[in-house]
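First up is the structure itself, then whatever we jot down about it.
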Amino acid sequence: MGTTSGEEKVALITGGSRGIGAALCIAFAKVGYRIAFNYMSRHTRAEEVEHQVKRYTDCLAIQADVSCSAEVEAMISSVKRRFGRIDVLVNNAGVMANSVFTLIPEEDWDRVIAVHLKGTYLCSKFVSLLMIEQRYGVIINMASISAFRPLVGQSNYAAAKAGIVTLTKSLAKELGRWNIRVNCIAPGYVQTELMDTFKSQEDKQMLRQIPLRRIGTPEDIADLALFLASDKSRYITGETIRIDGGLSI
Ligand code: NAD
């Protein structure tokens with residue numbers, strides 16, 4: 001897969017224990033990446049993903065909070081110890097705490113910004129130091145169409161995701177000279193536990209707004225991430241690609 005040592009590439013995926021992150025782990029494993037993934041607290045769910053990934057490749061699951069600098073630094077060190085390199089980082093971990101703006105508890109505001117924006121900053125910072133040494137790397141950030149078309153009650157989430165879109169451009173400009181590409185994925189509705197917060201009554205209304213008339217699957221997102229990680233996207237950097245079945249047209 002093109003590393004200088006001839007070994008398989010290594011992908012680190014945050015929030016890999018379920019939803020889009022779990023699909024990313026399995027999709028990258030299937031095409032031959034060695035996988036490191038991080039999870040927050042659900043050890044059993046992480047073990048299930050680890051088990052599935054190990055059917056294809058080597059896997060390291062690490063418990064860490066992406067918004068905590070010390071935990072992120074320790075996580076990157078253990079990936080480096082185990083695999084020696086990181087070729088692809090996917091900043092996927094995320095949380096939602098929806099509320100109308102005036103009623104958002106301050107701790108919910110801080111937590112949502114911390115997991116998405118600070119988490120993306122911290123993981124990218126420690127991984128890019130390693131990628132600069134390697135003179136190679138791909139960073140993929142997970143935004144949302146909420147960054148461009150926020151729903152009512154998601155101002156914290158939308159602000160964090162809009163920050164990630166612009167952070168992607170800044171990193172692409174700064175890191176390009178080291179052969180590091182940085183891109184962003186902006187999904188619409190994707191069927192995961194994060195989506196369970198929406199009520200089924202709203203689902204039908206939602207479906208009518210999507211030209212392709214279906215909610216996305218985690219595998220739809222994983223296929224785009226594989227493209228952005230691969231050499232087929234070698235001249236794309238700083239870009240945010242919407243993947244929403246046409247919802248935001
Ligand atoms: P999910 O809730 O199913 O999974 C989120 C993952 O993030 C979990 O593995 C969780 O453990 C992890 N996580 C949460 N806080 C963490 C922390 N502090 N440190 C480390 N890990 C943490 O969500 P999902 O739907 O799979 O979403 C994945 C990403 O895609 C998120 O960034 C989300 O904002 C984005 N996204 C999702 C949708 C959707 O419709 N599902 C749409 C647009 C964007």
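Just follow the structure's listing: the first ligand is 1, and inside any ligand the first atom is 1. Being a predicted model, the structure only gives us computed values, none of them experimental.
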Is it the side chain (CB and beyond), the backbone, both or neither of [X] that lies under 4.0 Å from ligand 1, heavy atoms counted?
| X | answer |
| --- | --- |
| Thr14 | neither |
| Ala64 | backbone |
| Val190 | both |
| Val115 | side chain |
| Lys161 | side chain |
| Ala143 | backbone |
| Arg42 | neither |

Ignoring hydrogens and angles, tell me if any N or O in the side chain of [X] forms a donor-acceptor pair with the backbone of [Y] under 3.5 Å.
| X | Y | result |
| --- | --- | --- |
| Arg111 | Asp108 | no |
| Arg242 | Ile145 | no |
| Glu8 | Arg34 | no |
| Asn92 | Thr14 | yes |
| Thr237 | Val182 | yes |
| Asn38 | Gly15 | yes |
| Arg181 | Ile236 | yes |
| Thr57 | Val53 | no |
| Arg82 | Ala36 | no |

Review point. From atom 10 (C) of ligand 1, is the closest protein heavy-atom distance below 4.0 Å?
Key: no
Using a strict 4.0 Å cut-off to heavy atoms of [X], name the atoms of ligand 1 that fall inside it.
| X | result |
| --- | --- |
| Gly19 | 3 (O), 26 (O) |
| Met142 | 29 (C), 30 (O), 35 (C) |
| Tyr189 | 40 (O) |
| Val95 | 14 (C), 15 (N) |
| His116 | 32 (O), 34 (O) |
| Ser17 | 9 (O), 11 (O) |
| Asn38 | 20 (C), 21 (N) |

Please write down residue, atom name and distance for the protein heavy atom closest to [atom].
| atom | value |
| --- | --- |
| atom 25 (O) of ligand 1 | Thr192 OG1, 2.4 Å |
| atom 4 (O) of ligand 1 | Arg18 NE, 3.4 Å |
| atom 33 (C) of ligand 1 | Tyr157 OH, 3.5 Å |
| atom 5 (C) of ligand 1 | Gly94 O, 3.6 Å |
| atom 13 (N) of ligand 1 | Ala93 CB, 3.9 Å |
| atom 12 (C) of ligand 1 | Gly15 CA, 3.6 Å |
| atom 18 (N) of ligand 1 | Asp65 OD1, 2.8 Å |
| atom 19 (N) of ligand 1 | Val66 N, 2.9 Å |

Exercise for review: Kindly work out whether a path of hydrophobic side-chain contacts (I/L/V/M/F/W/Y, heavy atoms less than 4.5 Å apart) joins Phe227 to Ile13.
Suggested key: yes
Practice item. Any chance you could lay out the side chain to side chain donor-acceptor pair (under 3.5 Å) test for Thr168 and Asn141, step after step, and finish with the verdict? Key: CA-CA 7 Å; Thr168 300; Asn141 297 325; 3.0 Å; yes
Check your understanding: Out of Phe37, Tyr33, Tyr56, which one pairs with Phe28 under the ring-ring contact (aromatic ring centres under 6.0 Å, His included) rule?
Key -> Tyr33
Point to revise | Test of proximity, Asn92 against ligand 1: N or O pairs below 3.5 Å | key: yes
Review point. Can Arg214 and Asp220 be counted as an ion pair, charged N to O under 4.0 angstrom?
Key: yes
Check your understanding: Can Arg45 be said to sit on top of Tyr39's aromatic six-ring, NZ or CZ under 6.0 Å from centre and within 45° of the ring axis?
Key -> no
Review point. Does ligand 1 have any atom that is closer than 4.0 Å to a heavy atom of Ser41?
Key: no
Exercise for review: Not counting sequence neighbours, which residues clear salt bridge (charged side-chain N to carboxylate O under 4.0 Å, His left out) with Arg135? List them please.
Suggested key: none
